[in-house]
Amino acid sequence: MNYWLMKSEPSVFGIDDLAARPKKTEPWDGVRNYQARNMMRDTMRRGDLAFFYHSNCEPPGIVGIMEVVREGYPDPTQFDPESKYHDPKSDLDDPRWYLVDVRLKKRFRAMVTLAELREHAGELGEFALLRKGNRLSVMPVETATWQRILELAGS
DNA sequence: GCCAACGTTGGC
DNA sequence: GCCAACGTTGGC
């Protein structure tokens with residue numbers, strides 16, 4: 001099993017929105033970065049777990065855990081002219097963008113803030129989230145890092 | 001709101 | 001294929 005971290009701006013789609021969805025499940029659409037696309041298309045598997053990270057908000061941090069419930073398939077919003085994620089250059093026969101479906105599994109009692117993560121950076125190994133200038137919205141998390149963060153969450 | 005970091009685009 | 005211009009991300 002692999003572990004991941006997935007970012008979303010709570011003003012666009014936050015953990016409360018996911019909790020309110022039927023079956024607490026949602027297609028993780030709108031990712032328009034090739035590295036993140038590759039991970040969703042090729043590497044993420046049913047049953048993998050992912051931290052839900054709130055970005056571009058005050059304070060940013062990890063708010064809960066999601067489970068991958070459907071593996072990579074084409075993101076339908078790329079073909080929808082009404083969608084803000086519409087990509088006119090994407091070909092129906094060779095879709096450019098992929099997504100996975102995620103289900104909310106656990107909501108942390110208290111967010112593990114980015115500031116807290118930085119305080120514990122020394123114990124978190126190679127953690128891409130803490131690298132300067134990192135903008136990747138879907139990233140792998142090492143098992144040891146995952147477990148240390150669970151401890152920080154007090155769960 | 002600012003701006004550093006970084007990805008993408010397009011002219012050449 | 002280079003690289004300047006531009007757009008976006010996301011912390012602060």
Side-chain angles (χ1 to χ4, degrees), chain A residues 2-21 26-44 48-68 72-102 104-142 144-146 148-154:
Chain A
N2 287 308
Y3 297 106
W4 307 90
L5 180 144
M6 302 169 86
K7 298 178 184 173
S8 184
E9 300 187 21
S11 62
V12 177
F13 186 84
I15 197 166
D16 291 338
D17 298 299
L18 183 56
R21 287 293 194 265
E26 180 76 358
W28 199 260
D29 59 18
V31 173
R32 295 294 180 266
N33 169 281
Y34 288 105
Q35 256 184 287
R37 186 278 309 267
N38 292 348
M39 286 185 273
M40 293 203 291
R41 188 187 59 186
D42 307 329
T43 315
M44 295 178 90
D48 283 359
L49 299 179
F51 287 132
F52 193 141
Y53 180 85
H54 278 180
S55 66
N56 203 11
C57 58
E58 184 50 42
I62 297 169
V63 289
I65 297 172
M66 304 181 287
E67 180 179 355
V68 176
Y73 63 101
D75 180 344
T77 64
Q78 70 194 302
F79 301 120
D80 177 4
E82 304 296 309
S83 171
K84 64 175 171 175
Y85 302 125
H86 181 230
D87 182 353
K89 292 182 188 167
S90 186
D91 182 348
L92 257 174
D93 295 324
D94 184 21
R96 185 177 293 193
W97 306 113
Y98 281 69
L99 50 67
V100 298
D101 287 358
V102 290
L104 181 60
K105 190 168 166 86
K106 183 187 185 77
R107 194 197 279 259
F108 289 161
R109 187 165 305 172
M111 163 191 273
V112 180
T113 64
L114 179 60
E116 274 177 89
L117 292 168
R118 287 198 198 289
E119 284 169 26
H120 295 271
E123 310 151 35
L124 295 178
E126 265 302 300
F127 191 22
L129 184 76
L130 300 182
R131 279 207 293 268
K132 187 176 183 180
N134 164 64
R135 293 165 45 183
L136 199 53
S137 66
V138 177
M139 67 183 73
V141 178
E142 288 175 11
T145 306
W146 177 274
R148 187 70 189 97
I149 292 172
L150 283 188
E151 291 171 15
L152 295 177

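Letters A, B, ... mirror the listed sequences (proteins, then strands); counts begin at 1.
- Rounded to an integer number of Å, the gap from Q35(A) CD to dA5(B) C1' is 14 Å.
- Classification of the W146(A)-Y3(A) ring pair by plane angle, with boundaries at 30° and 60°, yields parallel.
- Checked for salt-bridge contact, K84(A) and D29(A) miss the test: no charged N lies under 4.0 Å from a carboxylate O.
- If you check dT8(C), dC12(C), dG10(C) against the side chain of R135(A), the one that comes closest is dT8(C).
- For the side chain to side chain donor-acceptor pair (under 3.5 Å) with D75(A), the qualifying choice from R37(A), R41(A), R32(A) is R32(A), the only one to do so.
- The distance from atom CG of N33(A) to atom C1' of dC6(B) is 10 Å, rounded to the nearest whole Å.
- When the C1' atom of dG10(C) is taken as reference, atom CG of L117(A) falls 15 Å away, rounded to whole Å.
- Distance F13(A) CZ to dT9(C) C1': 19 Å, rounded to the nearest Å.
- Counting any heavy atom pair closer than 4.0 Å across all strands shown, R131(A) reaches no nucleic acid atom.
- Distance L130(A) CG to dG10(C) C1': 14 Å, rounded to the nearest Å.
- The CG atom of L129(A) sits 14 Å away from the P atom of dC6(B) (whole-angstrom rounding).
- OP1 or OP2 of dG11(C) sits under 4.0 Å from a side-chain N or O of Y53(A).
- Mapping R32(A) and N56(A) onto DNA chain B via the closest heavy atom, the residue that lands nearer the 5' end is N56(A).
- At a threshold of 4.0 Å, the pair D87(A)-R96(A) counts as salt-bridged, since one of the basic side-chain nitrogens sits closer than that to a carboxylate oxygen.
- In the set dG7(B), dC12(C), dT9(B), the nucleotide with an atom closest to the side chain of K89(A) is dT9(B).
- Counting only heavy atoms from C-beta outward, the side chains of M44(A) and N2(A) never approach each other to under 4.5 Å.
- An OP1 or OP2 oxygen of dA4(B) is reached within less than 4.0 angstrom by no side-chain nitrogen or oxygen of K132(A).
- The shortest distance between the side-chain N/O atoms of R118(A) and the OP1/OP2 oxygens of dC12(C) is below 4.0 Å.
- The interatomic distance linking L114(A) (CG) with dG10(C) (P) rounds to 12 Å, in whole Å.
- When the P atom of dT8(B) is taken as reference, atom OH of Y34(A) falls 7 Å away, rounded to whole Å.
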